[in-house]
Structures are given as structure tokens and as C-alpha cells.
Amino acid sequence: MADSSLAPLLGHPSLALFAGAAAVAALRGPLRAAAALAAPALAVALLWQLPDGAAWSGHLLGLEATPLSMDRLGRLFATIFCLMAFAGALFGLEQRSRLELPAAFVYAGSALGVTLAGDLLTVFVFWELMAIGSTLVLWSAGNPAAWAASRRYLAIHLLGGVLLMAGVAGHVAQTGSTTFTALALDGPAHWMILSAFLLNAGAPPLSAWLPDAYPEASWSGMVFLSAFTTKTAVYVLMRGFPGEAILVGVGLYMVFYGIVYALLENDMRRILAYSIVNQVGFMLTGIGIGTPLALNGAAAHAFTHILYKALLLMSAGGVLYMTGRRKCTDLGGLFQSMPLTAACGIVGALAISSFPLTSGFVSKSMVTQAAADGHLFEVWMALAAASAGVFLHAGIKFPWFVFFQKDSGLRPADPPWSMRLAMLLLAALCVGLGIWYEPLYALLPHPVQYLPYTGGHVVGQLQLLLFSGLAFFVMLGWLKRTLTITLDSDWVYRVALARIARACGDALGAVLDAGSRATAAVVRRLGEQARVASQPGSALASPAGSGRMALWMMLMLLALLAAGYLW
């Protein structure tokens, strides 16, 4: 039974991260580092103290609210969010910005709030707090590119917030309930909610917000950004719209969109940003298929993706921290002086490619198997082809061009100990969950009867990766990057609409100037005529009789009556 007192809310895991944000902002030195690591640890301890079911309910704006509710799906996502907050804090201990870690904890705590919300009003409140926290993480990079990207990022997410609020209001008006359960696409309100969720997931047509914004964060900020917004969107889609067929098409579009743009990119962090869109596409495809195996696969893949994507971004962040460079054309040969960073990057690359004995293999293969079990042959073929593409752009391209291609002459050392320790932690989890996957399967929302390590699964995946690797080195001449700019859909609102707005503004300004000049000329002409008419001997200057005055008054009244009638 839900409790109507406020006491259970004091055990809300989000509060531990919010308190950690305040402590990290106020403290300095070792105390700050201790608070940064203690807050996520306390959050996960509070999380696992919560029983299943609604722990607290009350009323907000006259409507029933359940800010704290627990089930298997929420516990899974909340656990990985806490773990990611800890690993990100450990990696970011060397960050000099006083804003980033507090903002990241607000961001992570808000993501926790969404996963533990039992009603749509609470989802909306924490949804908007996530947008604020993530924007502050971007701002904390402290450079003009990050400031410009954060404004575009905030505009997109405020649009998503407006859509979500309008959808929630329509849902409440339609049903009288705020409970967050599965929703049917039976009206404009639910379509708006779905659109808001898809926007945060990086779905078309606004997918470009993610690779536009995330790479402009600091070397540690992008690690946090990669974990929460898109995976929270996966969570709410899984809870709100499981089995919606439209998500299969949207997910497959994202899968191939991310692959194509990642192959074209020269910036190592933009490669990984496009890869986020690609991997979220796999999850949306599983949610759209909607079977228990597919939903388990989407949830497991979200869990493992947070780990290996953060590991890849830590590897890239370590390179950026030590060299100040992020273009593949400026890097190469770094394995000689950064062996641990290179090794951890390779582990992350193998995991994202679903290499056997890594975490990606035991999660992504569930989605492809669900497509096969559902006799969705075209979907299964598309996912298999996409797996090969993932190995090309993230499994080989990223480590090859950053660590092993033609020597750049740079000889930076591995990054400081806290960054190395964070990378080792996530690398161990990527390999550990690939070998001992039962604890992960035990957390999934539906009972699992799937065995990842069968002869067919292993041999089929190894064949796919082998031929993908061969294709990469055969086509290496075409895949080498140059200093080019990749145009994406954000060109429409960053360039085209801006040019149209400037052209319309210039045209309107020209019309207003012309009107102003014409009005001034008329006023001057009338003034001159009045001056002439008022000269001695003119008609206006001569004495007027009462009859003439009555005529003028009548004409003025008629003019006023006509104006009132017309307007």
C-alpha cells in the first residue's frame, strides 16, 4: 500500500544525488572527491531498500501523484543510472569546472526520478529537470562552441517538454488518470507523448541534436550525457508504448542513420555520438517488436550500452584530455604511449560490436533472436546488416584511426589515476557481464529462457564480424577521413531557417523604411500646405461664418460615423 505521509520520500534515491550535488558544489579537495563518490553509492543502497509497488502517493494540483514506485523495469534502469553516476564521478574527479559534477548529479538524479515515477506528472517534472541538468553540463565546458550548442540543445528539449505537457494534459482530460501505464495511440494526446519521448531518444527528424550537442561537452561531460537522456527515453517508451509497430520503423531508421554518419565523420567524439543514435535504434526496434524476449533484449541492451558507450567515451575523453585533439586526422599511433587507454577503448569497441564474451553479445543478440522468432525476416536481416556496420564504425574505425593508424608523432601518457580506474571498472564490467550474464538476466522485466552461447549464435556472430573486419581493411582507402564538414538535418534550422529569417527581416525592414520615408514626405507636404493656407489673405485665415463652421462639423461627424461603421 502506498503511504500518504512524507517519510518514505526521504528514502528516494534521487535525493541522495541532489544532496551530493550540493555537497560537491560546496566542498573542496579530498572531501569533495569523497562526496562525489559517496552520493551514487548511497543512492544505489537506498534503491535496493525499496520494495516493489508504490511507496508513496499524494496529490499534486488536485491530481493523484505517485513520485516513488518500484518494479523490475524501474529497478534495472535505476541501478545502471546509479552505477553510471559513480563511474562518471570517478572519471571526472580531475575536472576543474566547479559546475559540471553538481550539474551531472542533478541530471542523474532527475533520470532516477523518471524511472521511479508512477505517474505522468512526476515524469514531466523530472523530465524538465533532466533538461536543465544536462544543459548545465554542456555549459560547464566553458567555450563558445559549447555555449552555442547548449542553446540549440535547450531549445529542442524545451520543445519536447511542451509536447509532453500538452500530451499529459490531454491524457488527463481524456481519462481522468495520471497513472503511467501502457498507452494506446488512440488520439492526439498520446501521439504528443510519444513524440516527446522519441525526441529525447534521438529519433528522426530531429536526430541531429545529439551529435550537434554532445561532442561539445568537456572531456568528462560527454560521458554523463551519453548515459541518461536517451536511455531514460528508452525506459519511458518501454513502459508507455511496448509493441507499437511504428517503433520498429523508427528504430531501423536510427540504426542505419547512425552508421552512415559515423562512417563519414572525422571527429572521434562525433563518431561515438552518432553511434549512440545507432544503438538506441536497436532498443527501439526491440520495443516495437514487443514480445517478452524483445523487451528483455531492449532493456538488457540499454544496460550494457551505458557501460560500453561510457567506456568508449572515457577512452576518447582521455585522449582529448591529454592531447587537446579530437579529429581522427590529427591522431594516430597513441597505443605506444597510452596503452591502457587504447586497451580499454578496444574492450569497449568489442562490446559495442557484440563480440562473444562481452556484454554487448549477451544483450543485442536477444533483439535479433526476437525478430527471428517473430518471423520478421526483413527486420532480422536489417539488424544483422546493422551489426556489421556497427563493427565498421565503432568496433574498428574508432580505435584504428585514434590509436593505430599512421603515427601522428604525439606521445602523451595515459590520463591520471582516477580516469584510468574508471576505465578499468567499466572494462571489467563489459567483460564480466559477457561471461557471467546471469545477474543481468535476473534483473530483466520478464523471465528469461534465452541462452546466448549456442553454437549458432557464436559462429554466426564471429562470421559477421570477420567479414566486416575484412571489408574495413579492403576499403581502408575510402574510409580514411579528411577535413570535411558533415551536413545533417540540423542544417535546416541552423542555416536554412536562419537565412530565411534574415531575408524576411531584411525585406520587412525595407518595406518599413519605404513606408517611413513615404509617410515623412506626406507629412512634410501637408505641413507645407497648412503653412501656405494659414498665410494672411488665405481662405483658412479669413473670418468664417457660423454656417461654414456648422458644415465643417457635420463633415467631421460623418467621417467619424463612416470610420466606426467600417472598423
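Along the sequence shown, residues are numbered consecutively beginning with 1.
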**Study point:** Among Thr232, Leu116, Val234, Leu443, the one residue meeting side chain to side chain contact (heavy atoms under 4.5 Å, CB included) with Phe77
**Key:** Val234

Review point. Shortest non-hydrogen contact from Ala300 to Leu440?
Key: CB-CD2, 4.3 Å

Point to revise | Output field: ring centroids His12/Phe18 closer than 6.0 Å | key: no

Exercise for review: Provide the closest heavy-atom pair for Ala299 versus Leu73 in the form atom of the first, atom of the second, distance.
Suggested key: CB-CD1, 4.4 Å

Exercise for review: Among Tyr107, Tyr153, Tyr214, find the residue that satisfies the side-chain hydrogen bond (donor to acceptor under 3.5 Å, both in side chains) test when tested with Ser134.
Suggested key: Tyr153

Review point. Rounded to the nearest 0.5 Å, how far apart are NZ of Lys231 and NE2 of His301?
Key: 9.5 Å

Check your understanding: Quick one: CG on Leu264 to CD1 on Ile271, what's the gap to the nearest 0.5 Å?
Key -> 10.0 Å

Point to revise | Side-chain donor-acceptor contact under 3.5 Å, Asn278 with Ser275 | key: no

Point to revise | OH/Tyr453: more than 12 non-hydrogen atoms of other groups inside 6.0 Å | key: yes

**Study point:** Pair Glu64, Thr178: side-chain N/O donor-acceptor within cut-off below 3.5 Å
**Key:** no

Exercise for review: Would you please indicate yes or no on a ring centroid separation below 6.0 angstrom for Phe361 and Phe355?
Suggested key: no

Practice item. Determine whether more than 12 heavy atoms belonging to other residues, nucleotides or ligands lie under 6.0 Å from atom CD of Gln449. Key: no

Exercise for review: May I ask you to decide if the ring planes of Tyr257 and Tyr261 are parallel, tilted or perpendicular, using 30° and 60° as cut-offs?
Suggested key: tilted

**Study point:** Parallel, tilted or perpendicular: rings of His157 and Trp209 (30°, 60°)
**Key:** perpendicular

Check your understanding: Do you see a donor-acceptor pair shorter than 3.5 Å between the side chains of Tyr450 and Ser365?
Key -> yes

Check your understanding: When you measure from the side chain of Arg270 to the backbone N and O of Glu265, does any donor-acceptor pair fall under 3.5 Å?
Key -> no

Exercise for review: Flag the pair Met130 / Asn200 as yes when at least one side-chain heavy-atom distance between them is below 4.5 Å, and no otherwise.
Suggested key: yes

Practice item. Show your reasoning for whether side-chain hydrogen bond (donor to acceptor under 3.5 Å, both in side chains) applies to Ser177 and Thr179. Key: CA-CA 6 Å; Ser177 172; Thr179 304; 3.3 Å; yes

Study note, to complete from the structure: What one should report as the nearest heavy-atom pair of Ala227 and Met84 is CB-CG, 3.3 Å

Point to revise | Pair Phe197 and Trp127, ring centroids less than 6.0 Å apart | key: yes

Check your understanding: Is the shortest heavy-atom distance from the side chain of Asn296 to the side chain of Pro445 under 4.5 Å?
Key -> yes

Practice item. Please name the pair of heavy atoms, one in Ser353 and one in Phe391, separated by the smallest distance, quoted to 0.1 Å. Key: OG-CD1, 3.1 Å

Check your understanding: Think Arg75 forms a cation-pi with Trp48, using NZ or CZ under 6.0 Å from the six-ring centre and within 45 degrees of its axis?
Key -> yes

Exercise for review: Please work out which of the three classes, parallel, tilted or perpendicular, describes the rings of Phe180 and Tyr235, given edges at 30° and 60°.
Suggested key: perpendicular

Review point. More than 12 foreign heavy atoms under 6.0 Å from CD1 of Ile435: is that the case here?
Key: yes

Check your understanding: Among Ser359, Ser354, Ser363, whose side-chain hydrogen bond (donor to acceptor under 3.5 Å, both in side chains) with Thr304 holds?
Key -> Ser363

Review point. At what distance, to the nearest 0.5 angstrom, does CD of Gln369 lie from CG of Asp373?
Key: 4.5 Å

Point to revise | side chain to side chain contact (heavy atoms under 4.5 Å, CB included) involving Ala273 - partner list, sequence neighbours excluded | key: Leu210, Pro211, Pro215, Met222

Practice item. Indicate the ring-plane relationship of His305 and Tyr308, choosing parallel, tilted or perpendicular according to the 30° and 60° boundaries. Key: perpendicular

Check your understanding: Cys82 versus Leu112: any side-chain heavy-atom pair under 4.5 Å?
Key -> yes

Check your understanding: Under the 6.0 Å and 45° cation-pi test, does Lys364 pair with Phe282?
Key -> yes

